[in-house]
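Input: a single structure, listed below in structure tokens.
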Amino acid sequence: MEATFPIACRPFGQDYVLPMNESVDHMSELPLSELIVCPKCDALHRISEVGPDEQAACARCGTLLITPRPLSFLHVIALSFTAMILMIGAIFFPFLRISAQGLSHNSSIFGAAMAFSEGFLAPLAFAVLLMIVALPALRFAALIYTLWPLAANRPAWPRSAQAFRLAEALQPWSMAEIFVVGTAVALVKVAGVASISFGPAFWAFGTLIIVTALKNAFMSKWSIWEAIGPR
Amino acid sequence: MNVLTARAAGLIGCTRCGRVWPGEASHCGRCGAPLAPVTTISLQRVWAWWFAGLIAYVPANMLPMLRTATLGHEQANTILGGVIELVAHHNYGVAAIVFIASIMIPVAKFIAIGYLALIVAHEKFAGSHRHLHLYEVVEFIGRWSMIDVFVVAILSALVQLGFVASIHPGPAAASFALSVAFTMLSAQNFDPRLIWLPPLGTDKA
């Protein structure tokens, strides 16, 4: 059976690709820059023009390969700045307040990480600070650095590729949204014993999660890599 | 469907940015990421992190996760001990959540990664969409296990009401965090392209 060599393109929201029966020999004539490979299954595809309402998926495993979105660079920059400002607020304002039997206690996000600062758990305090504050902030900064010149149609700044690759690699380790859901679980656990009130930092952090999700939705990795271009 | 892969065409694809390079390239010329050929050798890293995660998971369950002091009465709870106590207090809903998030999901992750790493070398199962979905679920869920560590951090920071009630973290928090991180690294090192590797000897590469 002859190998097929599909064009990576499908109408948005539909579940099929347009396979094109090009022979394998024909492929050697194509420059490599016209090809895209699926990171999940290694299938080769030929890049075609993907319209603003379309997204390209792998013909074999269905992984999304190209999801172009108009205005995406500017959106991502704006949302990253918003997220940075919210993060600063989230660190410095009080986060939660507990009160029971006439006693009360405040905690900030910094204080939550510092809960581990006694004794040999201290490295964990550092790791928690990294995961909920430092790495998300570093990701936003790297994205702004990468996209700032690209949004103005200027050539990428030096080391943009490294900065964007760092931002991508840090994604699984920046866990701000998990921390917020953790707050909910903690509240359920103490709900019967004490009453809890939210400080401004809680709302800042909660908004940060929504902003981060929006930013991820607006981001098209492929378009950013295309715009950074070869080094 | 017979699909041409970069491997079969003598090329190598960048798993970070999707660009295609000649087979002998070592780094992606666009994003600078190292290019990894599709080989089962990469499974060694998966197993190394898998065992590290499993070793860290043992003290995470044996040692106390939380030390709770209420009105002069101090109590240290392991993860399972906390679940049992919640059941004893008839908090079945919260007990179920903690049991699923802290015990069932971590164990299921070990089983799923181990199963994938064992099965991809078997040509009988090549190209299973179910295996790809399993991998995507493990990759998505992996980081959420860290929620336990954050809950301990929030409770310990918040519940500081002196004699009435205070909560301190136990050593299990650190080993649990390590176990989650190691399992995440194990999953990240698993190359999903191996799922599609055709039976050896039938493809070009």
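Values below: every heavy atom of this structure, side chains too, minus hydrogens, waters and symmetry copies.
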Does a salt bridge link A:Glu177 with B:Arg143, judged by any charged N lying under 4.0 Å from a carboxylate O? yes
For the residue pair A:Pro39 and B:Arg16, establish whether any side-chain heavy-atom pair is separated by less than 4.5 Å. no
Backbone of B:Ala157 reached by a side-chain donor or acceptor of A:His105 within 3.5 Å: yes
Quick one: are A:Phe179 and B:Ile147 in side-chain contact, heavy atoms under 4.5 Å? no
Is B:Arg30 close enough and on-axis enough to A:Trp222, meaning under 6.0 Å and within 45°, for cation-pi? yes
Side chains of B:Leu132 and A:Lys40 in contact at under 4.5 Å (non-hydrogen atoms): yes
Can you check whether B:Trp144 reaches A:Met175 side chain to side chain, under 4.5 Å on heavy atoms? no
So what's closer than 4.5 Å to chain A heavy atoms on B:Ala165: side chain, backbone, both or neither? neither
Between B:Val38 and chain A, which part of the residue has a heavy atom less than 4.5 Å away: side chain, backbone, both or neither? side chain
Flag, side chain of A:Asp42 to backbone of B:Arg7, donor-acceptor distance under 3.5 Å: yes
Specify which of B:Ala174, B:Ser156, B:Cys17 makes the most heavy-atom pairs with chain A at under 4.5 Å. B:Cys17
Do B:Met146 and A:Val128 have side chains that approach each other closer than 4.5 Å (heavy atoms only, starting at C-beta)? no
Below 4.5 Å from any heavy atom of chain B, which atoms of A:Phe120 appear? Answer side chain, backbone, both or neither. side chain
Show your working on side chain to side chain contact (heavy atoms under 4.5 Å, CB included) between A:Cys41 and B:Arg193 and close with a plain yes or no. CA-CA 4 Å; A:Cys41 78; B:Arg193 297 175 300 176; 5.7 Å; no
Please tell me if the side chains of A:Met131 and B:Phe150 come closer than 4.5 Å, counting only heavy atoms from C-beta onward. yes
What option among B:His133, B:Gln160, B:His168, B:Glu136 has the most heavy-atom pairs under 4.5 Å with chain A? B:Gln160
Does A:Asn106 reach the side chain of B:Leu158, with side-chain heavy atoms less than 4.5 Å apart? no
Side chain, backbone, both or neither: which part of B:Tyr135 has a heavy atom under 4.5 Å from chain A? side chain
Heavy-atom distance under 4.5 Å to chain A: side chain of B:Ala101, backbone, both or neither? neither
Heavy-atom side-chain proximity of A:Ile36 to B:Val20 below 4.5 angstrom: no
